[in-house]
Amino acid sequence: MSQLELSTAISQSAVVAASRLYYLAIRACFLFFFVRFLGLENYGSFNYAQSWYILLMPFALLGTNELIISQIPLSSEPERERFLATSLALRFVSSTVTTLLIVAFALSVETDLLLQQLMLIFAPAALIRGCIGWFSAVFVAQGLVLRWTSFSTFFVTVDVVAVLLAAGNGASLLGLALLQIFLWLVKLLSCWLYAVRHGLLIGFDWSCLFRWDKALAVRFVLGGWPLALGNFLLLSLAIGLLIPYRLAASDLTSLGVAALVLQVLMLIQEPLTRTFNALLPALRHQGSTVPSRDNRFETQLSMFAILTGCVLAIIAHQLSLYLANTAQLPQFRPALLLLSEYAWVLVPIMLFHALRPLVIVDGRYWGYLLSIFAGFVSALSLLTGYAYLGALNPERLLLALGIGFTVLSLLALSNLLFSGKDWFRGSSRLVLLVGVSVSALICLSHVGQFPGYLQALGCSLRRVAADSSFCA
């Protein structure tokens, strides 16, 4: 790589990183002001309706963005036209099917009229944002990373500002949902106009959609479905938990509390998650040297993730508890208290996201999918049991989230440590990691003013014991 290429790559990475931090900040502002303007009940309804299309978006995308980015720069003009036509046609079909699925779920599953109407309004988001995702892949494939970053940042800002201004002026939830759909349509139209004007779609026209390569479409589907399924299961273990919770519990205020805490947890872990994901290209570049790591890299990375998760959990616990007791924010107090008690779930979340690149780069896709599936089943089983007993509430939802990610991360770790023949070494490293996690939790909880974290964890464990006694 030349000095100019290296300088360009560094500058692009810096801009993208800055845009992600800006995106996280503006999302945090959106959460704060939306709840302040409309309350937890309305936020829960709005977030629940959005969670349907977010949960099913992996099936709209089908993992084809990665193939577009990797193949288009290497293709001749006829092959490029074939890739563009086939990928867009497949994206349109998969996004349309996803939209129709959301409509079917809204009409058959949801009984609340307002939530049903919100779901129907947000259903086309799968089609609109699926096509926007296709344009993002085309932009990146053409080397226009900075252009797409600035383009996307502008529309995210417009979206947040417009919705908050409308919410502050008394707009209804249906009006806010329609406004978001309109803004996404404007973004899609702008993507198309920019791509046509700057020649990103040379050799491509609408007639291409009717003569797309079916063999290439099959290749797209076969190559992308494991990624789509994995992303769907992972989303099911996060924002997707709101759907079974809503179907089992009718209290929209508690739904808003659970949705807000879930969003805050995702915001906290996202920067470091993206840092861990950045390891993937470097690990792939190592090629055949990856299996020779002798488990040491996995162990060190796992220790770092556990320690980082403990620190983040302690900070989240202390800060949320402080804000709940001192800040004049009564509408946020239930969510802050819940976050302070269940901040520990950040530890298994961070551990999984640290191990995820290693599992993928080692080619253990089936183990990866089975680990996520086992975590999801664990969380869903716990929610189902609480719902059957009539004991489902936001605390149990966060407990199910923590247990699900704990099962998932331990299975992913076992998949890596026990991959070789040396089971004794793998077992010793697993025991070492468990010991480090417990020791870090105890030691860090007594540093400075952090003794309350163990009390919160103990309260959670006592709740589990009480629930077990109740179940018995």
Side-chain angles (χ1 to χ4, degrees), residues 21 23-44 47 237-239 241-242 245 251 253-273 305-351 353 393-406 437 440-464:
L21 291 176
Y23 178 62
L24 292 175
I26 203 168
R27 274 178 62 190
C29 291
F30 178 81
L31 288 177
F32 176 79
F33 287 105
F34 193 98
V35 174
R36 185 150 193 174
F37 289 150
L38 297 177
L40 282 171
E41 180 176 339
N42 285 326
Y43 174 75
N47 193 261
L237 195 52
I239 193 172
L241 292 178
L242 291 177
Y245 181 84
D251 183 13
T253 301
S254 67
L255 178 66
V257 172
L260 182 57
V261 174
L262 281 175
Q263 287 294 326
V264 172
L265 288 173
M266 295 305 108
L267 282 175
I268 293 172
Q269 59 87 29
E270 185 167 343
L272 280 173
T273 296
I306 291 170
L307 292 173
T308 304
C310 288
V311 173
L312 288 176
I314 291 170
I315 294 173
H317 165 73
Q318 289 297 120
L319 184 59
S320 57
L321 199 60
Y322 172 79
L323 292 175
N325 293 328
T326 60
Q328 301 299 316
L329 300 170
Q331 64 269 54
F332 290 93
R333 182 175 170 79
L336 289 171
L337 292 175
L338 182 62
L339 177 61
S340 69
E341 185 175 345
Y342 286 91
W344 59 266
V345 302
L346 286 167
V347 178
I349 290 176
M350 295 305 301
L351 178 58
H353 284 293
N393 56 31
E395 287 82 358
R396 274 64 183 255
L397 176 67
L398 269 294
L399 180 61
L401 175 71
I403 290 178
F405 266 99
T406 299
S437 63
L441 181 62
I442 295 174
C443 294
L444 289 174
S445 65
H446 287 86
V447 175
Q449 300 297 318
F450 298 137
Y453 182 68
L454 280 184
Q455 297 175 8
L457 181 59
C459 182
S460 299
L461 295 176
R462 285 194 300 272
R463 188 185 301 276
V464 176

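Values reported hereafter were calculated over all heavy atoms of this structure, with side chains retained and with hydrogens, waters and symmetry mates removed.
For L262, the side-chain contact (heavy atoms from CB on, under 4.5 Å) criterion is met by L242, L397, L401, not counting sequence neighbours. Applying the ring-ring contact (aromatic ring centres under 6.0 Å, His included) rule to Y322 yields no partners; only residues at least two apart in sequence or on another chain are considered. With sequence neighbours excluded, the residues satisfying side-chain contact (heavy atoms from CB on, under 4.5 Å) with P394 are Y245, S254, V257, A258, L338. Listed by chain and residue number, nothing satisfies the salt bridge (Lys or Arg N to Asp or Glu O under 4.0 Å) test with R333 (two or more places apart in sequence, or in another chain). Considering only residues two or more places apart in sequence or on other chains, F34 meets the ring-ring contact (aromatic ring centres under 6.0 Å, His included) condition with F30, Y43, F46.
By the 4.5 Å heavy-atom criterion applied to side chains, I349 and H353 are counted as neighbours.
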Under the side-chain contact (heavy atoms from CB on, under 4.5 Å) rule, what do F405 and V345 come out as? Steps first, then yes or no, please. CA-CA 8 Å; F405 266 99; V345 302; over 6 Å; no
Is there a side-chain contact (heavy atoms from CB on, under 4.5 Å) between L312 and Q269? Walk through the geometry before answering. CA-CA 8 Å; L312 288 176; Q269 59 87 29; 5.8 Å; no
From CA spacing to verdict: side-chain contact (heavy atoms from CB on, under 4.5 Å), Q263, I239: CA-CA 8 Å; Q263 287 294 326; I239 193 172; 3.7 Å; yes
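Closest non-hydrogen pair, L237 versus L241, comes out as O-CD1, 3.8 Å. The minimum heavy-atom distance between A238 and M266, with the atom names listed, is CB-SD, 4.2 Å. The shortest non-hydrogen separation linking L346 to A316 is CD1-CB, 4.3 Å.
The CG atom of N42 lies 13.5 Å from the CZ atom of F37; values are rounded to the nearest 0.5 Å. Taking CD1 of I403 as the start and CZ of R396 as the end, the distance is 11.5 Å to the nearest 0.5 Å. How far OG1 of T326 is from CG of L321: 9.5 Å, rounded to the nearest 0.5 Å. With rounding to the nearest 0.5 Å, the separation of CG in L337 from CG in L323 is 10.5 Å. Rounding to the nearest 0.5 Å places CG of L260 at 9.5 Å from CG of L265. Atom-to-atom distance recorded for L336:CG and N325:CG is 9.5 Å, nearest 0.5 angstrom.
Here the side chain of Q318 pairs no donor or acceptor atom with the backbone of I315 at under 3.5 angstrom.
Applying the salt bridge (charged side-chain N to carboxylate O under 4.0 Å, His left out) test to pairs two or more places apart or on separate chains, those with a residue in residues 25-35 are R27-E270.
Checking each of L339, N393, V261 against L398 for a side-chain contact (heavy atoms from CB on, under 4.5 Å) leaves exactly one that passes, namely V261.
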